[in-house]
Amino acid sequence: MAKKESTEWKHDIARAERKARLSRMKDAEGHKRKIESRSIWKKLTLSIVAVALVLALAVWLIASTGVVTKSVTAMTVADRKLTAADINMVLGNMTASEQYGLAFTDEFQNILDQPSQYGEGGTVRDDLLNQIMPGITFMYAALSDMDKNQFEPTEAQLAKIEEGIKGLRDQFAEMAVTSGRGVRGLLKLYYGPGTSMSMVERDLRNAMMINFYEEEIKSQADLSDAQVEAFYQEHKDQLDVFSYNSYVFTLEEDEDWTEDEKEEALEDLKNTAELALSDLKENAFKDAVLLHLSEEDAKALEEDSDSLFTRKARAEKITTKIYDFVKEEDRTMGDAIVIEGTDSMTLVEFKGREKDNFKPYSVRHILIANSEDEDKSDKALKMQADQVLEEYMAGDQTEEAFVKLVVQYSKDPGSVQAGGLYSDVPAGKMVPEFENWCTEEGRKKGDTGIVKSTHGYHIMYFEGYGDEPELPGKIKGYLVEEYLNQWISDIAENAQVVRHPFGMKFAGKVNFFDALFGPAPKEPETTVPQLAP
């Protein structure tokens, strides 16, 4: 009975609530109220505003986080798809390393918007993007080649990569502290929107992997004796050494001369040089030249007669006109010529040509020269050099004795700590006077002497030559680089490269809307082919 009463009570409460709701829906006269249209529009407006806010927030997130930049495909190289963010990484590294600036600051973006200097309708941004395209093509073509050949780095190489990545992280952390910015903010200035530290690390890892892979490619070059000899025969004009006499008859020009007077004086100078040329038939080179010099010039030549002879000079050390003469295949000893200049005539006599059998040498020296606060005369320096050499010759004349004098007298900071030693010196590293003394015929260990150069006076102690001539090793280096360059050229040319216009819009840009509604970068079709719509 109690349970029935409890249920009826609940029904009574529900009926009372319904009556109250119906009462509120009626007006004062008891009629049903009309629903106002304002409430519908109010709800609709609120809904539209809410949707707009959501859309605005979505656009802001897309623009600020660079989600399009790091997700839309801008290029395809070989079998790899590159986003605009991938391209921006390379652009940012290039502008920073070349010290142009940070590519994605507002200031630099303004520079990139300026008109191109290389073609109408383009911008500086287009120019820089075009500049990095070959490097991008090679990078990703090389990565594809590595994958194809299943290249695996060694444990030591992997350790170097991890060490490099750690150093990179430390560098950015230090820059963040110094600049007062977060690492993420720095990355955006360097590489633009959508980049992350993981992408920076990825690119460093890829770059180091490519370097290691290049070493693998180099090891495949043919360095056989036959290949070395073939390379020498093909390039012997650039690899041989040449010996010759030369003297420059110089025009002593009067500033008041007319053009006709200068031309006449040059003709007289030419006649003088040609007379000396004719006299070579019956005279040694020095004597033939002396016959046609003034007393003052003859005296100067007598004091520096060694300057007439150039011994075993390499092609890169010879002036173009002399080189063109001495390298001729049928050139024989004694051949001579007068080479005309704008204000001089050079008499040249060919003495010989041979294969460069230069061997790296080791030598100790004591440099006698003025310190910054000294002003000794050349005569005083020469006297001191003679005295130091005499001190050595009066002693034990051993290597150890020479080293003691190095410590006591030498002004060469580059070698004094090593006892004056320069070891395994390659061709062309030292000044000519220094090298010529070391490479004279018959030079042997323990030889001493004094050499004058632009640095001062060198008291020399010869240690000896290396076991092998330098040239074969140099040729092998050329062959390795030639092989590597051919590989680089082949993989870059064979890689299919496609530019995707929509994705390229975001390359090199910070402003999302400028990228979205602006044109794709203007680039040569031959460098990066346009993707057909």
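Not measured: the values here are computed from a predicted model.
- Ion pairing between Glu468 and Lys359 fails under the 4.0 Å rule for side-chain N and carboxylate O.
- One finds the CG atom of Asn211 at 11.0 Å from the CG atom of Asn206 (value rounded to the nearest 0.5 Å).
- For the pair Val289 and Asp279, the minimum side-chain heavy-atom distance is 4.5 Å or more.
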Listing, residues 414-432 side-chain donor-acceptor contacts under 3.5 Å, not counting sequence neighbours, or none:
residue: Ser415; atom: OG; partner: Asp412; partner atom: OD2; Å: 2.8
residue: Tyr422; atom: OH; partner: Asp412; partner atom: OD2; Å: 2.7

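- From Phe249, atom CZ reaches atom CG of Asp297 across 9.5 Å, with rounding to the nearest 0.5 Å.
- By the 4.5 Å heavy-atom criterion applied to side chains, Phe350 and Thr332 are not counted as neighbours.
- The NE2 atom of His292 sits 9.5 Å away from atom CG of Leu277, with the distance rounded to the nearest 0.5 Å.
- Checked against the 6.0 Å centroid threshold, His365 and Phe434 count as a close aromatic pair.
- Atoms CG and OG1, on Asp260 and Thr258 in that order, are 5.0 Å from each other to the nearest 0.5 Å.
- Using a 4.0 Å cut-off between charged side-chain N and carboxylate O, Arg353 and Asp237 make a salt bridge.
- Between the side chains of Lys376 and Gln384, at least one donor N or O sits under 3.5 Å from an acceptor N or O.
- Between Lys299 and Glu296 no salt bridge is recorded (no basic side-chain N to carboxylate O distance below 4.0 Å).
- Taking 4.0 Å as the cut-off between side-chain N and carboxylate O, Lys355 and Glu229 count as a salt-bridged pair.
- For residues 436-445, the salt bridge (charged side-chain N to carboxylate O under 4.0 Å, His left out) pairs, not counting sequence neighbours, are Lys312-Glu441, Glu399-Lys445, Glu440-Arg443, Arg443-Asp447, Lys444-Asp447, Lys445-Glu463.
- A salt bridge links Lys411 with Glu374; the closest basic N to acidic carboxylate O contact falls under 4.0 Å.
- For Lys452, the salt bridge (charged side-chain N to carboxylate O under 4.0 Å, His left out) partners at least two apart in sequence or on another chain are Asp378.
- Under a 4.0 Å N-O distance rule, the pair Asp356/Arg314 qualifies as a salt bridge.
- Classification of Lys522 and Asp126 as a salt-bridged pair fails, no side-chain N sitting under 4.0 Å from a carboxylate O.
- For the 3.5 Å distance criterion, the side chains of Tyr213 and Asn149 qualify, holding a donor opposite an acceptor.
- How far CG of Leu266 is from CG of Asn271: 11.0 Å, rounded to the nearest 0.5 Å.
- Note that OG of Ser305 and OH of Tyr247 are 12.0 Å apart. Values are rounded to the nearest 0.5 Å.
- Residues that satisfy the salt bridge (charged side-chain N to carboxylate O under 4.0 Å, His left out) test with Lys160, not counting sequence neighbours, are absent from this structure.
- Glu174 and Thr178 share no side-chain donor-acceptor pair at under 3.5 Å.
- Under the rule for a side chain to side chain donor-acceptor pair (under 3.5 Å), Glu214 has no partner lying at least two apart in sequence or in another chain.
- Under the salt bridge (charged side-chain N to carboxylate O under 4.0 Å, His left out) criterion, no residue pair touches residues 241-251, with sequence neighbours excluded.
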